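Take a look at the structure set out below.
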Amino acid sequence: MARYSEDIEAYDRPKKRGTRPRTKDRPTYEGATEATVVTVDRGRFTIALTEELSDSRQIWAVKARPLGRKGVVVGDRVRVVGDLSGSDGTYGRIVEIQPRKSTLRRTVDDDDPVERVIIANADQLVIVTALADPEPRSGLIDRALVAAYDAGLAPLLCLTKADLKSPDEFLGAYASLGVPWVVTRRGGDLADVREHLVGRTSVLLGHSGVGKSTLVNALVPGTDRETGVVNAVTGRGRHTSTSALMLALPPEWGQDGWIVDTPGIRSFGLAHVNPDDLITAFPDLDEATEECPRGCTHGTDEPECGLDVALEAGEIDADRVNSFRRLLAARSTPDWQL
Ligand SMILES: Nc1nc2c(ncn2[C@@H]2O[C@H](COP(=O)(O)OP(=O)(O)OP(=O)(O)O)[C@@H](O)[C@H]2O)c(=O)[nH]1
Ligand SMILES: [Zn+2]
């Protein structure tokens with residue numbers, strides 16, 4: 001063990017230029033500990049030591065030099081070395097990022113083609129929308145659905161404030177997409193929501209006022225999202241940044257799972273989303289686009305789109321085509337925050 005940490009030390013702090021070992025000599029970090037990145041704050045990471053997920057032991061970590069400019073984002077499964085005791089002034093060093101099973105990306109701006117991964121390894125995107133006060137914004141919901149389908153995350157509509165308005169009318173507009181949904185109301189129980197959260201990592205997305213903080217606080221007691229204090233972070237983890245934050249589901253739920261709160265994520269540029277990737281979320285339509293002319297975006301203005309051919313032949317469902325095209329159009333409408 002001692003020899004091993006000396007290796008890391010030697011590697012991390014080369015005495016002078018040119019003494020850095022070549023790739024083949026790099027340490028293999030055998031025995032490094034697995035952890036999950038729960039939040040990012042100005043180059044410093046809070047990581048949860050995975051084996052101790054249920055008691056949520058969390059420590060600081062920084063990126064070790066061998067990672068170079070590789071991005072580490074919330075949700076990343078990483079391997080860490082160094083002092084993992086969590087005592088004052090100590091921090092682990094992230095030496096490796098495990099391959100990601102999913103990446104939720106955004107384009108910073110629809111005009112800016114730079115793609116950024118914001119959350120890694122999520123399974124589900126929970127689109128939190130109030131049924132009233134504020135009114136649902138279908139453009140935003142559609143954009144979130146595009147982001148989910150593109151990232152390969154299962155979408156879930158979480159409709160809050162059902163005490164103010166029935167969800168029936170709203171759900172009509174989403175029926176043909178087949179998106180699963182749950183409803184919450186003031187004072188109502190959250191059994192339904194819980195059922196959709198256990199065993200997975202869910203990203204919660206919603207614009208201001210929809211009741212997302214209320215929901216997060218009710219789901220994970222002890223998390224005061226309003227004031228930004230995260231009790232789970234061993235007293236030292238005042239969470240002041242607007243980074244996404246992963247919260248472990250309470251151990252008493254009996255199953256692991258995480259929710260990722262996204263307070264700072266108010267815009268969701270989708271310029272990177274390719275129509276051909278989006279249509280894979282519509283397996284019933286996908287085949288019809290095989291005969292499309294090259295570069296066809298499958299939109300309503302495409303003269304020879306295979307979707308129209310298949311529609312005319314009665315091979316596909318018009319509602320589904322309309323829904324797909326609605327999402328396609330939402331991709332390039334103005335931003336998440338209107
Ligand atoms: N009637 C009703 N009001 C609710 C419900 N959930 C939340 N609210 C209220 O809606 C308002 C906004 O709730 P928040 O939880 O702060 O909303 P948020 O989405 O986190 O919004 P920001 O904090 O601005 O990001 C508060 O006054 C809540 O009390 C609900 O189910 N029914
Ligand atoms: Zn087409």
Side-chain angles (χ1 to χ4, degrees), residues 126-137 140-141 144 157-167 170 181-193 203-221 223-230 239-245 247 259-268 273-282 284-313 315-316 320-322 324-329 331 336-338:
V126 181
I127 304 163
V128 186
T129 305
L131 288 160
D133 186 27
E135 289 294 305
R137 291 154 79 169
L140 301 191
I141 298 163
L157 292 171
C158 179
L159 309 173
T160 62
K161 311 198 188 185
D163 52 313
L164 302 181
K165 194 172 175 197
S166 149
F170 176 90
W181 48 272
V182 288
V183 164
T184 68
R185 67 194 75 236
R186 192 187 288 289
D189 90 279
L190 294 171
D192 253 14
V193 181
V203 178
L204 266 62
L205 199 66
H207 68 89
S208 192
V210 297
K212 186 158 66 69
S213 311
T214 306
L215 184 67
V216 171
N217 292 337
L219 289 169
V220 189
T223 309
D224 187 348
R225 295 300 285 138
E226 208 50 66
T227 56
V229 176
V230 182
H239 178 74
T240 48
S241 78
T242 51
S243 155
L245 173 70
L247 299 159
I259 55 182
V260 184
D261 192 12
T262 55
I265 300 168
R266 299 284 193 219
S267 77
F268 224 98
V273 176
N274 176 338
D276 283 321
D277 290 337
L278 185 59
I279 205 158
T280 59
F282 292 75
D284 50 328
L285 307 183
D286 200 3
E287 201 187 321
T289 62
E290 271 166 25
E291 303 298 317
C292 285
R294 271 191 71 176
C296 182
T297 63
H298 319 311
T300 37
D301 52 347
E302 291 284 355
E304 294 169 73
C305 181
L307 291 179
D308 295 309
V309 178
L311 263 179
E312 239 160 79
E315 291 162 6
I316 52 178
R320 292 279 291 166
V321 174
N322 290 339
F324 167 72
R325 286 181 162 163
R326 197 180 78 210
L327 296 194
L328 195 65
R331 184 185 62 127
W336 169 256
Q337 189 172 37
L338 299 173

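What you see is a predicted model, and the numbers here were worked out from it, not measured in a lab. Read the numbers this way: they start at 1 and go in the same order the structure lists the ligands and their atoms.
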> What do we get for Leu164 next to ligand 1 when only non-hydrogen atoms under 4.0 Å count, side chain, backbone, both or neither?
Replying inline: side chain
> Would you call His207 and Leu140 a side-chain contact if the rule is heavy atoms closer than 4.5 Å?
Replying inline: yes
>> Do Pro275 and Arg325 make a side-chain contact, defined as non-hydrogen atoms from C-beta onward lying under 4.5 Å apart?
In response: no
> Are any of the heavy atoms in Gly206 under 4.0 Å away from ligand 1?
Replying inline: no
> Side chains of Thr129 and Thr160: does their closest heavy-atom pair fall under 4.5 Å?
Replying inline: no
> Which is it for Asp163 and ligand 1 at heavy atoms under 4.0 Å: side chain, backbone, both or neither?
Replying inline: side chain
> Can you give the angle Cys296 SG - the Zn ion (ligand 2) - Cys305 SG, rounded to 10°?
Replying inline: 110°
> What angle, to the nearest 10°, do the atoms ND1 (His298) and SG (Cys292) form about the Zn ion (ligand 2)?
Replying inline: 100°
> For ligand 1, which atoms sit closer than 4.0 Å to a heavy atom of Ser213?
Replying inline: 15 (O), 18 (P), 20 (O), 23 (O)
>> Counting only nitrogen or oxygen atoms and a 3.5 angstrom limit, does Gly211 reach ligand 1?
In response: yes
> So do the side chains of Thr184 and Leu215 get within less than 4.5 Å of each other, counting heavy atoms only?
Replying inline: yes
> Out of Arg186, Lys165, Arg185, whose heavy atom sits nearest atom 4 (C) of ligand 1?
Replying inline: Arg186
>> If you measure every N or O of Ser208 against every N or O of ligand 1, does any of those distances drop under 3.5 Å?
In response: yes
>> Within the 4.5 Å heavy-atom criterion, are Leu328 and Leu278 side-chain neighbours or not?
In response: yes
> Phe282 vs Phe324 aromatic rings, parallel, tilted or perpendicular, using cut-offs 30° and 60°?
Replying inline: perpendicular
> Picking from Leu205, Asn217, Thr262, what satisfies side chain to side chain contact (heavy atoms under 4.5 Å, CB included) with Lys212?
Replying inline: Thr262
> Going by the atom numbers of ligand 1, which of them fall below 4.0 Å from some non-hydrogen atom of His207?
Replying inline: 19 (O)
